Amino acid sequence: MTPPGPAAPPSPRSALARDKLMRTAERLYAERGFANVSVRQISEAAGQRNNSAVQYHFESRDRLIETILSHHTRLVEKHRIVMVEALRERETVSLEEHYSCLILPNVENHIEAGTPTWCARFLAQALVEPALRDYVLQDHLDTPSLRLLDEIGAIRRDGIRPELRARHGTMVRQLSVHAFAELEYDLANGRIDPATAEESWRVLGQDLIKALCGLTTGLLGPRWPWGFPKPLETP
């Protein structure tokens, strides 16, 4: 039996429909929440005549959401991998540099997307959706740039209790994700002048880097003079 060949690439028309469905779904989910948006509403808002367009192009609601998440992961990764690679040959990496690699690629992605955006609010909701949480964590944490940052970055985990490491990771993630979502909401709803969007994103990025450095130093222990957190002794 001859094995099937690779799937044919989608036609331009199909690719356009998929893109419109993704952008429409992201906006509706960000504004209304996952529980308040049906796939039929997404199809209608995207101007699709077929009310089953989501199932046709993505198989299911969750697959549509996963595709949107992966799309944004790739956009952020193109910025982050460059920053992390630049640190590869460094003898030491400071906490500020470590968190700059974590935060600033997201800042650049928002600036490039323009105003309004919906991806931060979309991610914040996906992160607490039981059926999606594991996928979100896997998709966003298992990237080449973050694996390399974990290897060469400033956060050393030797001597830190596993439950404390996990709690620290949760705090970093929640603070980062929801701070971005709050600013995105304020810009989209006129609470902050959209003309100041780029400046607002950059200020938030710098404030987050400072906050995360303080959080890490306070929770995992004081830093040695060369910038690494001093490991706490395991009781």
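All of these numbers come straight from a predicted model, not from anything done at the bench. Numbering of residues begins at 1 and proceeds along the displayed sequence.
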Below 4.5 Å, heavy atoms only, C-beta onward: do [X] and [Y] meet side chain to side chain?
X: Asn109; Y: His72; answer: yes
X: Arg121; Y: Glu26; answer: no
X: Ile155; Y: Leu95; answer: yes
X: Val107; Y: Leu204; answer: no
X: Leu104; Y: Tyr99; answer: no
X: Glu184; Y: Pro116; answer: no
X: Ile111; Y: Arg202; answer: yes
X: Leu183; Y: His110; answer: no

According to a 4.5 Å side-chain heavy-atom criterion applied to Ile, Leu, Val, Met, Phe, Trp and Tyr, with indirect links allowed, do [X] and [Y] form part of one hydrophobic cluster?
X: Met83; Y: Ile81; value: no
X: Leu137; Y: Val76; value: no
X: Leu208; Y: Leu215; value: yes

Test your reading of the model: is there a side-chain donor-acceptor pair from [X] to the backbone of [Y], 3.5 Å cut-off?
X: Asn36; Y: Arg32; result: yes
X: Thr117; Y: Ala113; result: no
X: His98; Y: Gly153; result: no
X: Asp150; Y: Leu146; result: no
X: Glu97; Y: Ser94; result: yes

For the atom pair [atom1] ([X]) and [atom2] ([Y]), what is the distance rounded to the nearest 0.5 Å?
X: Leu164; Y: Arg167; atom1: CG; atom2: CZ; value: 6.0 Å
X: Leu75; Y: His71; atom1: CG; atom2: NE2; value: 4.0 Å
X: Leu175; Y: Thr170; atom1: CG; atom2: OG1; value: 12.5 Å
X: Ile192; Y: Trp201; atom1: CD1; atom2: CH2; value: 9.0 Å
X: Ser145; Y: Glu77; atom1: OG; atom2: CD; value: 3.0 Å
X: Ile65; Y: Ser70; atom1: CD1; atom2: OG; value: 12.0 Å

(Q) Regarding Arg88 and Glu151, does a basic nitrogen lie under 4.0 Å from an acidic carboxylate oxygen? (A)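 Glu151 and Arg88: not salt-bridged.
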Locate the shortest heavy-atom distance separating [X] from [Y]; write the atom from each residue and the value.
X: Thr24; Y: Ile42; value: CG2-O, 3.8 Å
X: Cys101; Y: Arg80; value: O-NE, 2.9 Å
X: Ile103; Y: Ser176; value: CD1-OG, 3.6 Å
X: Ser43; Y: Leu21; value: CA-CD2, 4.1 Å
X: Gln125; Y: Ala30; value: NE2-O, 3.3 Å
X: Glu96; Y: Ile209; value: O-CG2, 3.9 Å

Q: With salt bridge (charged side-chain N to carboxylate O under 4.0 Å, His left out) as the test, would you mind laying out the steps for Lys78 and Glu112 before giving the verdict?
A: CA-CA 13 Å; Lys78 73 177 184 180; Glu112 288 179 354; 3.8 Å; yes
Contacts under 3.5 angstrom, residues 45-64 side chains, donor-acceptor by atom type, not counting sequence neighbours:
unit_1: Asn50; atom_1: OD1; unit_2: Ser52; atom_2: N; d: 2.8
unit_1: Ser60; atom_1: OG; unit_2: Arg63; atom_2: N; d: 3.2

Q.
Please determine whether salt bridge (charged side-chain N to carboxylate O under 4.0 Å, His left out) holds for the pair Arg133 and Glu129, giving the CA-CA distance in whole Å, both sets of side-chain angles, and the decisive distance to 0.1 Å.
A. CA-CA 6 Å; Arg133 184 177 184 276; Glu129 178 78 7; over 6 Å; no
(Q) Within the supplied structure, the quantity of interest is the number of heavy atoms (other residues, nucleotides, ligands) at a distance under 6.0 Å from Glu182 CD; does it exceed 12? (A)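 Open.
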Q) Taking the six-membered ring for Trp, are Tyr29 and Trp118 ring centroids under 6.0 Å apart? A)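 Not under 6.0 Å, so no.
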Q. Tyr185 and Phe180: aromatic ring centres closer than 6.0 Å?
A.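 So the answer is no for these two rings.
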Q. Of all residues at least two apart in sequence or in a different chain, which pass the side chain to side chain contact (heavy atoms under 4.5 Å, CB included) check with Asp193?
A.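 In terms of side chain to side chain contact (heavy atoms under 4.5 Å, CB included), with neighbours along the sequence ignored, Asp193 is linked to Ala195, Thr196.
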